[in-house]
Amino acid sequence: MEHLESWWSCDRDQEEYKLREEEAYDADLSFEFLRTRNEIFARLRHDFGANPKPVLPYINELLREHETVPNLMTFDGLGVYGVATAHEPYAFDPRRSEDDDELNRMRNYLDTVGNMDAKLAFIRDANYWYVLDRYHPSPLSVLLRELMLSLELRDEVTRMFDIREE
């Protein structure tokens, strides 16, 4: 994901270079992998009417659109868009503390904002700011899980916190 994030702000010259890099990457893929990927793409087109879309120009288009829409910026630069009312983002502890005082400060913030957009921005920033270990949940992990469940983000909780050994 970090590799893709570095491409979001690319200019035209970099875009051509990155397209060549993608072609070189595809050239190293196995026949079996390419066949499977093509089958998946064909099914997406057939079942959902999805059409191929160049990723880099699409991301740049979204970023231009987002410049005109009210938003709460997040640490990862994506933000939460379509925000109804402006809110101050949570000021995370620079020491990345998860002690009782910091957790209480987080809970107080979440209780006072009462706005889904601000809470979504908090979730994204907390996930970005802290290293969350799914196998050894921290008190912050517990807080985020509870918050996400209260917002009825069950699928996201499953992806983020629930471990299933196959």
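Quick note: residue numbers are just sequence positions, from 1. Bear in mind the structure is a predicted one, so any value in this text is a computation, not a measurement.
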* **Joint cluster assignment, I40 & F33, ILVMFWY side-chain distance < 4.5 Å** => no
* To do: Using atom types as modelled and distance alone, determine if a side-chain donor or acceptor of S97 lies under 3.5 Å from a backbone N or O of D93.
  => no
* Just jot down the side chain to side chain contact (heavy atoms under 4.5 Å, CB included) partners of L103, sequence neighbours excluded, or say none. => M106, R107, P139, L140, L143
* Audit row: R43, E39, salt bridge (Lys or Arg N to Asp or Glu O under 4.0 Å) steps and yes/no -> CA-CA 6 Å; R43 185 142 186 210; E39 287 174 4; over 6 Å; no
* **Presence of salt bridge, E61 and R64, under 4.0 angstrom** => no
* Lys/Arg-Asp/Glu bridge criterion (N-O < 4.0 Å) met for D26, R37 -> yes
* Can you list the residues that meet the side-chain hydrogen bond (donor to acceptor under 3.5 Å, both in side chains) rule with S138, with sequence neighbours excluded? -> E98, S141
* Approximate separation, where rounding is to 0.5 Å, of K119 NZ and L144 CG -> 13.0 Å
* Pairwise distance CG(N51) to CZ(F41) - rounded to 0.5 angstrom -> 12.5 Å
* Would you sort out whether F92 and Y109 count as a ring-ring contact (aromatic ring centres under 6.0 Å, His included), showing the intermediate values? => CA-CA 11 Å; F92 286 93; Y109 171 81; 8.3 Å; no
* Structure fact -> Residues L34 and L29: closest non-hydrogen pair is CD2-CD1, 3.8 Å
* Asked: Roughly how far apart are M160 CE and D155 CG, rounded to 0.5 Å?
  -> 14.0 Å
* **Cluster overlap L147 with V142, hydrophobic side-chain contacts below 4.5 Å** => no
* Partners passing side-chain hydrogen bond (donor to acceptor under 3.5 Å, both in side chains) against R159 (at least two apart in sequence or in another chain) -> none
* To do: Would you give the length of the straight line joining atom OH of Y130 to atom CG of D125, rounded to the nearest 0.5 angstrom?
  => 11.0 Å
* To do: Could you check if a side-chain atom of V113 sits within less than 4.5 angstrom of a side-chain atom of F122, using non-hydrogen atoms only?
  => no
* Is the shortest side-chain N to carboxylate O distance from R105 to E102 below 4.0 Å? -> yes
* Asked: Under a 4.5 Å cut-off applied to non-hydrogen side-chain atoms, are I123 and L151 in contact?
  -> yes
* **Over 12 foreign heavy atoms within 6.0 Å of CG, D111** => yes
* Give a yes or no answer on whether the side chain of R145 reaches the backbone of V157 with a donor-acceptor pair at less than 3.5 Å. => no
* Asked: Is there a side-chain contact between L120 and T74, using heavy atoms and a 4.5 Å cut-off?
  -> no
